[in-house]
Amino acid sequence: MTLDVKICGLKTEEALAAALDGGASHIGFIFFEKSPRHVEPDQAGRLREAARGRADVVAVTVNADDAALDAIVAAAKPDILQLHGAESPERVAEVKARYGLPVMKAFAIREAADLEKIAPYRGIADRFLFDAKPPKGSDLPGGNGVSFDWELLAALDDGVDYMLSGGLNAANIGAALNAASPRAIDVSSGVERAPGEKDPDLIRNFFRAVRAAREGDAVLA
């Protein structure tokens with residue numbers, strides 16, 4: 001089974017190159033001013049050119065209005081929109097219709113009951129992203145470097161297409177893949193030297209760890 005790998009929160013050409021060279025299927029740009037990974041649409045538009053034909057570009061937003069999304073879509077030309085806020089099923093449908101783009105809807109997970117919240121979105125969102133609930137006091141819905149119990153995802157039926165996120169890194173990706181068997185994974189803080197500062201070496205290490213885990217070898221650090 002092919003595993004999609006998304007490197008999210010990219011801001012520099014160096015980190016983007018490491019993600020693409022490592023084999024990322026998706027690259028993510030975050031448009032949320034409270035995040036240390038925030039980029040402006042024009043900046044993302046310049047960076048995304050390197051990914052054309054190599055990886056799908058994901059625009060990550062949090063409760064963005066139409067004006068904000070219009071600017072992002074026009075400048076960054078994303079392939080996928082990721083809605084990481086409290087967007088309703090109706091809002092997801094509106095966004096899909098307005099832009100004609102696939103939408104990935106994010107959910108914060110801590111316990112089994114949290115997975116029940118996806119039900120109204122099934123058949124509307126094109127893919128789900130499961131992230132850990134943020135720590136108390138955090139202003140960020142994602143990118144907090146915390147994980148959740150991946151074995152909760154074993155209860156999902158095979159028809160749920162999701163991307164696993166939340167606290168993934170080279171040291172734990174093998175365990176995550178073994179516990180959840182996701183079709184896609186997303187990493188951000190796990191490949192950073194500091195919040196918002198991607199480390200190309202950590203990105204390369206992450207890809208090595210993914211390959212080792214999928215080959216059944218010991219995870220390489």
Side-chain angles (χ1 to χ4, degrees), residues 1-32 35-39 41 43-61 72 76-84 101-106 126-131 142-143 145 147 161-177 180-215 217 219-221:
M1 181 180 69
T2 300
L3 178 70
D4 289 344
V5 180
K6 173 168 163 261
I7 307 296
C8 199
L10 293 163
K11 295 170 61 176
T12 67
E13 292 179 3
E14 184 182 25
L16 176 59
L20 294 172
D21 291 345
S25 60
H26 298 69
I27 59 167
F29 296 118
I30 295 178
F31 304 92
F32 184 56
S35 172
R37 304 165 187 95
H38 171 71
V39 292
Q43 180 184 359
R46 291 190 296 272
L47 289 171
R48 73 99 57 228
E49 288 306 309
R52 193 176 298 279
R54 300 181 66 185
D56 285 340
V57 173
V58 183
V60 182
T61 63
I72 291 165
K77 298 179 175 59
D79 300 295
I80 301 168
L81 295 172
Q82 178 180 321
L83 306 184
H84 213 107
L101 293 171
V103 171
M104 181 159 52
K105 181 69 185 79
D126 296 277
R127 175 177 260 177
F128 298 115
L129 182 141
F130 296 138
D131 200 351
S147 60
D161 184 14
Y162 69 88
M163 183 171 278
L164 177 61
S165 185
L168 299 178
N169 55 49
N172 66 18
I173 189 58
L177 293 176
S181 299
R183 301 173 195 168
I185 54 176
D186 169 288
V187 64
S188 183
S189 61
V191 291
E192 292 181 342
R193 62 174 72 94
E197 296 181 21
K198 292 289 183 293
D199 186 324
D201 286 335
L202 291 178
I203 292 173
R204 286 186 279 269
N205 287 347
F206 183 78
F207 278 107
R208 282 198 292 269
V210 169
R211 288 193 295 271
R214 284 172 60 78
E215 292 167 1
D217 297 331
V219 172
L220 302 178

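Residue indices begin at 1 and follow the sequence shown.
- Residues Gly22 and Arg211 share a closest heavy-atom pair of O-NH1, 3.9 Å.
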inquiry  = With side chain to side chain contact (heavy atoms under 4.5 Å, CB included) as the criterion, how do Ile27 and Leu16 come out once you've worked through the C-alpha distance, each side chain's angles and the decisive distance to 0.1 Å?
reply    = CA-CA 8 Å; Ile27 59 167; Leu16 176 59; 3.4 Å; yes
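- Residue Ala59 comes nearest to Phe31 through the heavy atom pair CB-CE1, 3.7 Å, listed as atom of the first residue, atom of the second, then distance.
- Between Gln82 and the choices Lys6, Arg127, His26, the side chain to side chain donor-acceptor pair (under 3.5 Å) rule is met once, by Lys6.
- Between Asp126 and Pro102, the shortest heavy-atom distance links the atoms OD2-CA, 3.2 Å.
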key: Audit row: His84, Leu129, side chain to side chain contact (heavy atoms under 4.5 Å, CB included) steps and yes/no   = CA-CA 9 Å; His84 213 107; Leu129 182 141; 3.7 Å; yes
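- By the 4.0 Å N-to-carboxylate-O rule, Arg204 lies too far from Asp199 to be salt-bridged with it.
- Considering only heavy atoms from C-beta on, Thr61 stays 4.5 Å or farther from Leu81 through its side chain.
- Contact between Ile173 and Ile185 at its shortest, heavy atoms only, is CD1-CD1, 3.7 Å.
- Between Thr12 and Lys198, every side-chain heavy-atom pair lies at or beyond the 4.5 Å cut-off.
- Between Phe29 and Val58 the shortest side-chain heavy-atom distance does not fall below 4.5 Å.
- For Arg52 and Asp79, the salt-bridge test fails: no basic side-chain N is under 4.0 Å from an acidic carboxylate O.
- Classification of the Phe128-Phe130 ring pair by plane angle, with boundaries at 30° and 60°, yields parallel.
- Cys8 places a side-chain heavy atom less than 4.5 Å from the side chain of Ile30.
- The backbone N or O of Ala175 sits nowhere less than 3.5 Å from a side-chain atom of Asn172 that would complete a donor-acceptor pair.
- Here the side chains of Val57 and Ile80 are not in contact, with every heavy-atom distance at 4.5 Å or above.
- When side chains are defined from C-beta on, Phe206 counts as touching Val5, because their heavy atoms get closer than 4.5 Å.
- The CG atom of Asp131 sits 9.5 Å away from atom OG of Ser188, with the distance rounded to the nearest 0.5 Å.
- Rounding to the nearest 0.5 Å gives a distance of 8.0 Å between CG of Asp56 and CG of Asp4.
- Side-chain atoms of Ile203 and Glu192, non-hydrogen and from C-beta on, never get closer than 4.5 Å to each other.
- Of all non-hydrogen atoms in Ala76 and Arg48, the two that sit nearest each other are O-NE, 3.0 Å.
- Of the candidates Leu202, Asp201, Leu168, Leu202 is the only one forming a side-chain contact (heavy atoms from CB on, under 4.5 Å) with Val191.
- A salt bridge is absent between Glu13 and Arg46; no separation between the charged side-chain nitrogens and carboxylate oxygens falls under 4.0 Å.
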query = Val103 and Leu83: side chain to side chain contact (heavy atoms under 4.5 Å, CB included), yes or no, with the steps?
reply = CA-CA 7 Å; Val103 171; Leu83 306 184; 3.8 Å; yes
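- The local environment of CD in Glu197 is crowded, with over 12 non-hydrogen atoms from other residues, nucleotides or ligands closer than 6.0 Å.
- The shortest non-hydrogen separation linking Lys11 to His38 is CE-O, 4.1 Å.
- Contact annotation: the side chain of Leu164 never approaches that of Asp186 to less than 4.5 Å [non-hydrogen atoms, C-beta and beyond].
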